[in-house]
Chemist: 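The structure's right below; bear with me while I get my questions together.
Since this is a predicted model, take the numbers as computed values, not measurements.
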Amino acid sequence: MKVLYVVVSLVVLVAAIILFLHWHSRRAARGPVVHVENGFEFIVRAPYNRVAPLFGAHGERAWGGEHWNPQFLHPQPAQDVEGEVFTVAHGHTRSTWVNTAFDLQSGHVQYVYVIPDIQAVLIDIHLRHDDPAITEVKVVYERTALTPSSNAHVYELGQKDAASAAEWQTAIERYLGVIKTKP
């Protein structure tokens, strides 16, 4: 019960911080901000029980590349659970992430993250396993600039999001050994 209280408290605290940063950024904004929604779908040629755990922040370390190094604030030690809170470095800035859904039974994983004064992002992931040999993946990104000066950057990231299917599929299948790594 104490763990649940801590998780709920952390989620509420992070949500309050996100709302404050968003409100503060909107007050400081002079002009409209961009909101983009882009998504992609792909199929991983591996069973669901091997693929699904790779969509947790900790699980993604296996295939996410050298720049994916989440620093877990909660839980300790790091593990993929609903309510996990972590940070990720982006050059001179740092994003704060909250996992808002981690339900591998239903195939739903969701994250919200904020880079102060730049963007707020929702990532919604749905996994299906109608065929036992493959896992279908659908990812939707919603990005909102927090200041007008971030509009172009957020728009550009949205375009990259839409073109990410092959990159994600290849990285995951390479990690799982479905695709052999080039010598």
Chemist: Drop me the distance from L54's CG to L127's CG, to the nearest 0.5 angstrom.
Modeler: 10.0 Å

Chemist: Output, in order, the C-alpha distance, side-chain angles, deciding distance and verdict of side chain to side chain donor-acceptor pair (under 3.5 Å) for D103 and S106.
Modeler: CA-CA 6 Å; D103 185 353; S106 72; 3.0 Å; yes

Chemist: May I ask you to check whether W63 and W68 place their ring centers less than 6.0 Å from one another?
Modeler: no

Chemist: Under a 4.5 Å side-chain heavy-atom rule over Ile, Leu, Val, Met, Phe, Trp and Tyr, are Y175 and Y48 clustered together?
Modeler: yes

Chemist: Calculate, to the nearest 0.5 Å, the distance between atoms NE2 and CG belonging to H35 and L122 respectively.
Modeler: 8.5 Å

Chemist: Give the cluster check for V140 versus W168: same hydrophobic cluster or not, with ILVMFWY residues linked at side-chain heavy-atom distances below 4.5 Å.
Modeler: no

Chemist: Are L157 and I123 joined in one hydrophobic group, where the rule is that I, L, V, M, F, W and Y side chains link up if heavy atoms are under 4.5 Å apart?
Modeler: no

Chemist: Atom CD1 of I43 and atom OG1 of T135: how far apart are they, to the nearest 0.5 Å?
Modeler: 9.5 Å

Chemist: With no hydrogens and no angle check, just 3.5 Å: does a side-chain donor-acceptor pair link Q110 and T100?
Modeler: yes

Chemist: Kindly determine whether H129 and D131 satisfy side chain to side chain donor-acceptor pair (under 3.5 Å), including the steps that lead there.
Modeler: CA-CA 5 Å; H129 53 102; D131 178 331; over 6 Å; no

Chemist: H108 vs H126 aromatic rings, parallel, tilted or perpendicular, using cut-offs 30° and 60°?
Modeler: parallel

Chemist: So do F72 and P70 actually touch side chain to side chain, heavy atoms under 4.5 Å?
Modeler: yes

Chemist: Out of curiosity, F42 CZ to S164 OG, how far, rounded to the nearest 0.5 Å?
Modeler: 9.5 Å

Chemist: Test of understanding: clusters of I, L, V, M, F, W, Y form through side-chain heavy atoms closer than 4.5 Å, transitively. Do V88 and I115 belong to the same one?
Modeler: yes

Chemist: Please tell me whether V109 and F40 are part of a single hydrophobic cluster in this structure, the criterion being side-chain heavy atoms less than 4.5 Å apart.
Modeler: yes

Chemist: Count the heavy atoms of every other residue, nucleotide or ligand shown that sit under 6.0 Å from CZ of R94, and state whether that count exceeds 12.
Modeler: yes

Chemist: Stepwise, does the side chain to side chain donor-acceptor pair (under 3.5 Å) test hold for N99 with E82?
Modeler: CA-CA 5 Å; N99 176 289; E82 187 170 308; over 6 Å; no

Chemist: Please tell me if the side chains of T96 and V114 come closer than 4.5 Å, counting only heavy atoms from C-beta onward.
Modeler: no

Chemist: If you measure from CD on E142 to CD on Q119, what distance do you get to the nearest 0.5 Å?
Modeler: 12.5 Å

Chemist: Just verifying a value: how many Å separate Y111 OH and F86 CZ, rounded to the nearest 0.5 Å?
Modeler: 5.5 Å

Chemist: Looking at side-chain heavy atoms only, is the closest gap between D130 and E136 below 4.5 Å?
Modeler: yes

Chemist: For the pair K138 and D124, find out whether any cationic side-chain nitrogen is under 4.0 Å from an anionic carboxylate oxygen.
Modeler: no

Chemist: Look at the aromatic rings of Y113 and W97 and report parallel, tilted or perpendicular, splitting at 30° and 60°.
Modeler: parallel

